[in-house]
Amino acid sequence: MAERWATFGIDLHLDPTGPGLRRGLTDALREAVRTGRLAPGTRLPSSRSLAGDLGIARNTVADAYADLVAEGWLTARQGSGTRVADRPVIPPPGTPARPRPESPRPAHDLVPGTPDLAAFPRAEWLRAARRAFLAAPNQSLGYGDPRGRPELRTALAGYLARARGVRADPEHIVVCSGFVHGLRLLGQVLRARGVRTVAVESYGLAPHWRQLTAAGLAIPALPFDERGTDPGDPPVDAGAVLLTPAHQFPMGVPLHQSRRTPVVEWARRTGGLVLEDDYDGEFRYDRQPVGALQGLAPGHVVFLGTASKSLAPGLRLAWMVLPPALVEEVTEAKGGSDTCGVLDQLTLAEFLTSGAYDRHVRAARLRYRRRRDALVRALAEHAPDIPITGIAAGLHAVLRLPPGTEGTVVQAAAWQGLALHGLGFYRHEQALTDPLDALVVGYGTPPDHAWAATLEALCRVLP
């Protein structure tokens, strides 16, 4: 089953519900078409592919497709597959890159935050760049809309809707120069709105927290337990919360189902905002993907995504899907013209619409899962008493250590030329949980040819 999640068709986020699989799948597909999440002309996965992705019988998918073809929502033609039919879209009611500290280059790098840069799809990117640039209108080389190129915002809206369950309108998307840039803009806007506090997770990245404190915002930590972050009722003066709900960084657990709805209800009740950091939502392995929190409340959730993990941080491309009420303020904060490279934006738009992005992500997903599996096997053989968690998704894992050993292991790793962070590196100074001794092992950075040697170096320093 794990192999099938990574290999079949395009990514398509669906949540079949109801008394039966066929009816639930039919209803989910119909709603995705009706609300515009699946745009007219979108080619759907084959019945075999979607059945594999959802873990259900192929006949169930085929029957659901047939029902929707009969109703006019889909079309099916020999040789062109099943596609979304051309029809008016009825919008839902009310719809209006992680920095790392500089250090000498280690022999082996297990610090999370960077993908395998050797695997960047150079040839495909160049082909997409050529097509995009030759087709670009002359005016695209001007200063441009501060929100970013319309071609990229349109491509992102379609991709995020089908792959992450985001309710996105191109007019509500702002392209920015990396996640930190987007967070800086949001911090400025929130402070200008009179917000004084943004609650954050007990574990995360200090550079992100610094963007908020630099804007004059307090950043108290939320509780954390075996179910992940507990947003509960954020501090009474909090105007927003910053979360990594699909795959908590760095602990690796998704926001528990019992906590997803309450945090959205808090935002609706108080007028607060949820800042959703979807830093690695595309990399899941042996479980269904966790849909974006934004899909539950587009008017109260800011969805932040980035190409830093799926492609490369050097592209400096990220995006925010904003509630309609925030678009003008964020656009003004960004400045009077586009600050992101036009050619890279046009290339990414072409990469998305041509299907090259889906193919690249699926190949990368397989490659990283093989590395994860090799890590699990190595630990089982050389350090069977070290528990490993957070491995269902993402590009890193957490290795629990005996109490009091984290500092010693990290120091031993440095002596071995192994760049490695302990869990304490990511702990908020006001964290409400007891400290844990653990290692956060990023398996995205090392190239394939160096992975075996990197694992040997890691195993040598474990207790």
Side-chain angles (χ1 to χ4, degrees), residues 98-119 202-207 224 226 244 247-253 279-280 283 285 309 313 364 367-429 431 433-463:
R98 304 179 182 277
R100 289 165 47 182
E102 293 184 4
S103 60
R105 185 175 179 86
H108 308 286
D109 191 352
L110 288 175
V111 175
T114 303
D116 181 0
L117 301 179
S202 287
Y203 294 95
L205 282 168
F224 185 91
E226 68 279 357
T244 50
H247 188 234
Q248 202 284 326
F249 185 86
M251 298 302 287
V253 296
Y279 68 101
D280 66 357
F283 294 110
Y285 306 115
K309 303 298 179 295
R367 183 169 60 254
Y368 292 136
R369 195 187 64 205
R370 293 189 189 105
R371 294 187 189 184
R372 181 209 66 172
D373 293 345
L375 171 62
V376 172
R377 288 194 300 269
L379 289 175
E381 180 178 354
H382 299 287
D385 295 329
I386 301 293
I388 181 170
T389 60
I391 61 174
L395 303 180
H396 72 275
V398 177
L399 278 56
R400 292 288 298 273
L401 298 174
T405 63
E406 181 181 309
T408 302
V409 173
V410 172
Q411 186 178 52
W415 290 340
Q416 294 278 345
L418 179 62
L420 191 63
H421 283 172
L423 182 59
F425 182 85
Y426 303 98
R427 180 179 167 82
H428 194 290
E429 61 180 10
T433 56
D434 293 332
L436 296 173
D437 282 82
L439 299 176
V440 182
V441 176
Y443 49 83
T445 302
D448 285 340
H449 67 82
W451 184 231
T454 304
L455 280 179
E456 291 177 5
L458 173 64
C459 290
R460 284 196 299 268
V461 303
L462 292 176

Problem set entry | Val440 and Phe425, any side-chain heavy atoms less than 4.5 Å apart |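 Answer no - side chains too far apart.
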For this session: Name the orientation class of the two ring planes belonging to Phe224 and Tyr203 (parallel below 30°, tilted from 30 to 60°, perpendicular beyond 60°).
Result: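 Phe224 and Tyr203: perpendicular rings.
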For this session: Could you check Val409 against Asp437 for side chain to side chain contact (heavy atoms under 4.5 Å, CB included), going step by step and ending with a plain yes or no?
Result: CA-CA 10 Å; Val409 173; Asp437 282 82; over 6 Å; no
For this session: Assess whether atom CZ of Arg400 is packed by more than 12 heavy atoms of other residues, nucleotides or ligands within 6.0 Å.
Result: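 No.
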Exercise. Of Val376, Leu375, Asp373, which is the lone residue that meets side chain to side chain contact (heavy atoms under 4.5 Å, CB included) with Ile391?
Worked result: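 Of the listed options, the one satisfying the test is Val376.
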Exercise. Checking side chain to side chain contact (heavy atoms under 4.5 Å, CB included) against Thr445, which of Leu110, Asp109, Leu395, Asp116 comes through?
Worked result: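 One option only clears the test, and that one is Asp109.
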Problem set entry | side chain to side chain contact (heavy atoms under 4.5 Å, CB included) between Thr389 and Val253, worked out | CA-CA 8 Å; Thr389 60; Val253 296; over 6 Å; no
Would you compute the distance between atom [atom1] of [X] and atom [atom2] of [Y] and round it to the nearest 0.5 angstrom?
X      : Y      : atom1 : atom2 : result
Tyr279 : Thr244 : OH    : OG1   : 5.5 Å
Leu423 : Leu401 : CG    : CG    : 9.5 Å
Leu420 : Thr454 : CG    : OG1   : 11.0 Å
His396 : Met251 : NE2   : CE    : 9.0 Å

Looking only at non-hydrogen atoms, find the nearest pair between [X] and [Y] and report the distance.
X      : Y      : value
Val398 : Pro250 : CG2-O, 3.2 Å
Gln416 : Val461 : CG-CG1, 3.6 Å
Val410 : Gly422 : CG2-N, 3.7 Å
Pro115 : Lys309 : CB-O, 3.3 Å
Pro463 : Thr405 : CG-OG1, 4.4 Å
Tyr443 : Ala397 : CE2-N, 4.0 Å

Exercise. Between Leu418 and Arg460, is a side chain to side chain contact (heavy atoms under 4.5 Å, CB included) present by the stated rule, with each step listed?
Worked result: CA-CA 10 Å; Leu418 179 62; Arg460 284 196 299 268; over 6 Å; no
Problem set entry | Backbone N/O of Pro446 and side chain of Arg371: donor-acceptor pair under 3.5 Å |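 Yes: the side chain of Arg371 pairs with the backbone of Pro446.
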Exercise. With no hydrogens and no angle check, is any side-chain donor or acceptor of Arg372 less than 3.5 Å from a backbone partner on Ala393?
Worked result: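 No; judged by distance alone, with no hydrogens or angles, the pair does not exist.
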For this session: Answer yes if the ring centres of Tyr368 and Tyr285 are under 6.0 angstrom apart, and no otherwise.
Result: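 Ring centroids of Tyr368 and Tyr285 are no less than 6.0 Å from each other.
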Exercise. Are Val441 and Ile388 close enough, and set up right, to give a side chain to side chain contact (heavy atoms under 4.5 Å, CB included), and what steps lead you there?
Worked result: CA-CA 10 Å; Val441 176; Ile388 181 170; over 6 Å; no
